[in-house]
Amino acid sequence: MLKVSDLAVHYGAIQAVSGVDFTVNDGEIVTLIGANGAGKSTILKTISGLLRPSRGSIDYDGQNLAKLAASKIVKAGIAQVPEGRHVFEGLTVSENLRMGAYLTPKTQSEQLTAVFDQFPVLKERRNQDAATLSGGEQQMLAMGRAMMAKPKLLLLDEPSMGLAPIYINKIFDIIKAIHAQGVTVLLIEQNAQQALQIADRAYVLANGQVKMTGTGQELLASADVQATYLGG
Ligand code: ATP
């Protein structure tokens with residue numbers, strides 16, 4: 001489904017990603033783990049067209065995303081849930097969700113029903129200003145907003161960041177539920193333990209490069225991964 005080859009991304013003179021290769025197969029949950037600054041967010045933003053690679057290709061079902069506008073990438077079936085949620089404050093929950101279908105208006109009402117079914121709390125709070133939601137609810141809103149575009153591939157950037165433990169478990173349950181509906185997932189997480197538990201496959205990134213890859217279970221069992229990312 002997605003094949004990233006020899007990807008390099010720069011911010012001016014700073015090289016954030018250098019020569020990264022990875023794949024995401026149809027129906028998988030793949031996670032990228034790594035310390036702060038490893039290049040994970042940069043890779044996700046490059047897939048969704050917010051940043052441009054300085055080298056390499058991003059093949060998605062035969063299209064090179066490196067040359068496609070971000071709006072076309074959404075229409076091709078890729079939606080991103082950004083780090084830090086970025087809900088639109090001053091707009092209601094419903095309005096935030098409708099923004100997620102801005103580029104895919106034909107399926108808007110069908111998706112709104114599906115999102116409200118999946119996130120009953122968003123339905124209850126549909127007329128409330130998004131700014132008044134808790135952090136966990138805002139994360140659900142950001143995920144619901146991405147689902148409004150009816151993606152085939154969902155990109156999640158640190159969905160559990162800054163959330164209370166009860167919400168962290170809930171967010172991972174929601175990721176599994178979205179995946180069970182047939183959506184392929186590419187997940188970035190600092191919470192490596194939980195990410196590896198739900199992942200089919202994972203890549204460990206450091207300094208803008210892939211250092212290790214394997215199934216989620218293999219990496220959970222790796223002494224190196226345990227020492228560096230799982231607290232010993
Ligand atoms: P985090 O979890 O902290 O977001 P990350 O693995 O997602 O970490 P990136 O945000 O992709 O890492 O950052 C990779 C490198 O690029 C880091 O060295 C970072 O300082 C640098 N970087 C990120 N954004 C910018 C920017 N806008 N301008 C310059 N350098 C940047």
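We count ligands from 1, going down the list as the structure has it; atoms in each ligand are counted the same way.
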Within-cut-off N or O pair, Ile14 and ligand 1, under 3.5 Å: no

Verify whether one side chain among Glu158 and Asn191 offers a donor that lies under 3.5 Å from an acceptor in the other. no

Just to check, does Gln190 reach to within less than 4.0 Å of ligand 1 when the distance is taken from its heavy atoms? yes

Under the 3.5 angstrom rule, does the side chain of Gln209 hit a backbone N or O of Val20 as a donor-acceptor pair? no

Compute both the distance and the angle, then confirm whether Arg201 meets the cation-pi test with Phe22: under 6.0 Å from the six-membered ring centre, within 45 degrees of the axis. no

Any protein heavy atom nearer than 4.0 Å to atom 17 (C) of ligand 1: yes

Could you tell me the residue and atom name of the protein heavy atom closest to atom 22 (N) of ligand 1, and the distance to it rounded to 0.1 Å? Tyr11 CE1, 3.3 Å

Within 4.0 Å of some non-hydrogen atom of Glu158, the atoms of ligand 1 are 2 (O)

Is a donor on one side and an acceptor on the other found under 3.5 Å between the side chain of Lys150 and the backbone of Ala101? no

Out of all atoms in ligand 1, which are within 4.0 Å of some heavy atom of Ser41? Include the element for each. 4 (O), 5 (P), 7 (O), 10 (O), 11 (O)

Pairing of Asp173 and Lys170 as salt bridge, 4.0 angstrom limit: no

Smallest heavy-atom separation, Gln139 atom then Val81 atom, equals NE2-CG1, 3.5 Å

For Ala16, is at least one N or O under 3.5 Å away from an N or O on ligand 1? no

Which residue owns the protein heavy atom closest to atom 19 (C) of ligand 1, what's the atom, and how far is it? Gly37 CA, 4.8 Å

Ala35 heavy atoms within 4.0 Å reach ligand 1 at atoms 6 (O)

Quick one: does Gly34 get within less than 4.0 Å of ligand 1, heavy atoms only? no

Looking at Asn36, which atoms of ligand 1 are within less than 4.0 Å of one of its heavy atoms? 1 (P), 2 (O), 3 (O), 8 (O)

Does one side chain, of Glu189 or Ser160, offer a donor that lies under 3.5 Å from an acceptor on the other? yes

What residue and atom, counting heavy atoms only, is the protein's closest point to atom 11 (O) of ligand 1, and at what distance? Thr42 OG1, 2.4 Å

Can you run down the side chain to side chain donor-acceptor pair (under 3.5 Å) pairs that involve residues 96-108, sequence neighbours left out, and say none if there aren't any? Arg98-Gln108

Answer yes if the side chains of Thr42 and Tyr11 hold a donor-acceptor pair under 3.5 Å, and no otherwise. yes

Numbered atoms of ligand 1 (with element) below 4.0 Å of Ala38, judged on heavy atoms: 5 (P), 6 (O), 12 (O)

Please list the nearest protein heavy atom to atom 12 (O) of ligand 1 with its residue and the distance rounded to 0.1 Å. Gly39 N, 3.1 Å

